[in-house]
Amino acid sequence: MAIQSVRGMKDVLPPEAPRWQFIEATAREVLESFGFAQIRTPVLERTELFARSIGEDTDIVEKEMYTFADRSGEAVTMRPEATAGIVRAFLEHSLYATPGPHKLYFLGPMFRHERPQKGRLRQFHQIDVEVLDDAGPQVDAELHVLVDHLLTRLGLSNVKLVINSLGCPQCRPAFKQALVEYFQGQKARLCPDCLRRLAHNPLRVLDCKVEGCKAAAKGSPLISQFWCPDCRTHFDEVRRLTEMAGVSFETNPRLVRGLDYYTRTTFEVKTGELGAQDAVAGGGRYDNLVEALGGPARPCTGFALGLERLALLVPERPEWRQGPELFIVSLGEAPRRLAFYLCQELRKRRHMRVEMSNEDKSLKAQLRRANKDGARWVLFLGGEELSSSQAQLKQMSQGRQFEVAMGRVGDFFKNLEGPEMDNKVLAGIIDDFVDAICAKIKTG
RNA sequence: GUGGCUAUAGCUCAGUUUGGUUAGAGCGCCAGGUUGUGGCCCUGGAGGUCGAGGGUUCGAGUCCCUCUAGCCACCCCA
């Protein structure tokens, strides 16, 4: 067997490319209208950056990173997520010194060494959206509006925005402690995984899918009972503004996120159509990360969209399958040269999608290809057309055919002596022809 | 990282249970039926180291082992 791609790394082939282009173009347009500017950071970062931002004992850092020593022996990692690199750039270039908010977006590949499934690859792509240096509930709500609007523009319908607030360093410790105490009394009902979680990340017990754990979590304390006044006010305002903007959402006090740096507002967009990979977007506020990475206190919030998952959900659009506007069928050597030249001219001057057959195939074969390519018009260039100075233009969808005067093209070719074409002369002649064709195609 | 299912033509899949001549179908592709007219129809053709490697056997697509990849669930996440 020939060489295969690396596990979990997928090719996007030409038929799928328009889907990606549509998603990316729509995202750029929406993001820019919301005032976001693009930032591009490197794939490789120092390993330490991720260990410190994502959290030492998260799954990502413990077992999923592509980490290696480069040729100088430095520990580097292919980014498993975008936020850390963006915050690093924010600090490295002292962007915090200019007044916020800094609204940034990022689009690119991420790498996690997980077991691949549908909608889960080892190299996958995210659109990342970050608002740096703004603590206000407005930006949280704005991100909800943004993600809702973007998904609507992409044509997704069966999605649900779920939000929660995880509190802050003032109030979360008390909640965590209460949670641990509560589950200590429920130990008998918890699965082995949750017993482990109880020790190092008790919040995760809340969204375990095992029945026993779900039952045990039913009567657990809720973060909402522990929010400090500031967190409560903040989250209430986020919800009020999101609601006012007409974005529907659901508050789920058991929504927990895996990365250590989250504070206050967190959210996910879920779909029912991807099995276990039900999150198409997720994110939240990370008010303490910049400081934790050695910078000044700068509250931030952001989220990421999974492009592969979006690509699986975005409905097909007819404009993705557009064939050439014109296909030139030529018969014989001289007509084929003229066709070649015409092709280039129409592309350069009229930005027209034009194709032709380069081989000396039968008319039938050329027409079959024009049909398969989805060409709207076919131009016939053969001996008859050249000698009569009348080109034939066929409208494929209707099966109708028209005669178009060729001006002096035919004469020129009849008088053509050497094998070399005088491009200057030909170009002038072809202009008339081009106009005739364009006029015909426009009115058709 | 754990467990399960799967891998046969470019694509979707039969054939594997009961090992036995040249491994099939549909779609797609190419050509012809039309000396210069597509789609529909008809006819013909090309295309397969049966995922890879090893083993059992007189004989393996079929049985056994290993590996690789995909899918599903878990873990976790976009």
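Naming: A, B, ... by sequence-line order, numbering from 1 per chain.
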Atom-pair distance (CG on D360(A); C1' on rC30(B)), nearest Å
16 Å

Indicate, with a heavy-atom threshold strictly under 4.0 Å, whether Q366(A) touches base, sugar-phosphate, or nothing.
nothing

Using modelled atom types and a 3.5 Å cut-off, is there a donor and acceptor pairing between side-chain atoms of R309(A) and backbone atoms of V280(A)?
no

Could you check whether any side-chain heavy atom of K10(A) comes within less than 4.5 Å of a side-chain heavy atom of R122(A), counting everything from C-beta outward?
no

If you look at every strand shown and take non-hydrogen atoms under 4.0 Å, does G8(A) touch a base, only sugar-phosphate, or nothing?
sugar-phosphate

rC71(B) to rC42(B) separation - C1' atoms, rounded to the nearest Å
41 Å

Does a side-chain N-to-carboxylate-O contact under 4.0 Å join E319(A) and R317(A)?
yes

Taking the side chain from R19(A) and the backbone from V314(A), do they hold a donor-acceptor pair closer than 3.5 Å?
yes

Does R369(A) place a side-chain N or O at less than 4.0 Å from the phosphate oxygens OP1/OP2 of rG38(B)?
no

Relative to each other, are the rings of F34(A) and H149(A) parallel, tilted or perpendicular (30° and 60° limits)?
tilted

Measuring only the C1' atom in each nucleotide, how far is rU18(B) from rC75(B)? A whole number of Å is fine.
42 Å

From rC71(B), rU34(B), rC30(B), nucleotide with atom closest to K118(A) side chain
rC71(B)

Quick one: the side chain of Q401(A) and the base of rG38(B), do they pair up donor-acceptor inside 3.5 Å?
no

Could you encode protein contacts along nucleotides 73-78 of chain B as a string, one character per nucleotide from 5' to 3', using B for base contact, S for sugar-phosphate-only contact and - for no contact, with a heavy-atom cut-off of under 4.0 Å?
BBBBBB

Quick one: label F380(A) by what it contacts on the DNA or RNA (base, sugar-phosphate, nothing), any heavy atom closer than 4.0 Å.
base

Answer yes or no: is there an ion pair linking E333(A) with R337(A), defined by an N-O contact shorter than 4.0 Å?
yes

K364(A) vs rG33(B): side-chain N/O to OP1/OP2 distance below 4.0 Å
no

Take M396(A) and H113(A), find for each the nucleotide of RNA chain B with the closest heavy atom, and name the residue whose nucleotide sits nearer the 5' end.
H113(A)

For the C1' atoms, the ones on rA60(B) and on rU21(B), what distance do you get once it is rounded to whole angstrom?
15 Å

For rA52(B), the Watson-Crick or wobble counterpart (both distances under 3.5 Å):
rU66(B)

Counting the atoms with a prime plus P, OP1 and OP2 as sugar-phosphate, which does K394(A) contact under 4.0 Å by heavy atoms, base, sugar-phosphate, or nothing?
base

rG3(B) pairs with which nucleotide, Watson-Crick or G-U wobble, both distances below 3.5 Å?
rC72(B)

Picking from rG70(B), rG36(B), rG38(B), the nucleotide nearest the side-chain atoms of R368(A) would be rG38(B)

Does E142(A) come within less than 4.0 Å of K103(A), counting only side-chain N to carboxylate O?
yes

Check the angle between the aromatic planes of H102(A) and F90(A) and answer parallel, tilted or perpendicular using the 30° and 60° thresholds.
perpendicular

Could you tell me how far rG45(B) sits from rC64(B) if I compare only their P atoms? Round to whole Å.
38 Å

Does this structure show an ion pair linking E355(A) with R347(A), if we count only N-O contacts that are shorter than 4.0 Å?
yes

Could you please name the partner base of rU18(B), counting Watson-Crick and G-U wobble pairs only when both distances are under 3.5 Å?
none

Output the rounded distance in Å from CG (L379(A)) to C1' (rG36(B)).
14 Å

Assign each of L367(A) and S5(A) to its nearest nucleotide of RNA chain B by heavy atoms, then name whichever residue's nucleotide is nearer the 5' end.
L367(A)

Euclidean distance for P, rA9(B) against rG48(B) (whole angstrom):
10 Å

Euclidean distance, atom CZ of residue R7(A) to atom P of rG51(B) [Å, nearest integer]:
18 Å

Expressed in whole Å, how much space separates the P atoms belonging to rG28(B) and rU34(B)?
22 Å

Distance check needed: rC30(B) C1' versus E359(A) CD, whole Å only.
11 Å

Grab the CH2-C1' distance between W377(A) and rG39(B) for me, whole Å please.
17 Å

Base paired to rU34(B) (Watson-Crick or G-U; both N/O distances under 3.5 angstrom):
none

So that I can tick it off, tell me whether R28(A) and E32(A) are bridged by a salt bridge, with the cut-off set at under 4.0 angstrom between side-chain N and carboxylate O.
no

Just the rounded figure in Å: distance from C1' of rA69(B) to CE of M9(A).
14 Å

Atom OH of Y66(A) to atom C1' of rG1(B): distance rounded to whole Å?
14 Å

Nearest-Å distance once atom C1' is located in both rU37(B) and rG26(B):
29 Å

Counting just side-chain N and O atoms, does K10(A) come under 4.0 Å of either OP1 or OP2 of rC71(B)?
no

rG54(B) versus rU68(B) - spacing of their C1' atoms, nearest Å
14 Å

For atom CD of E384(A) and atom C1' of rU35(B), their distance in whole Å
11 Å

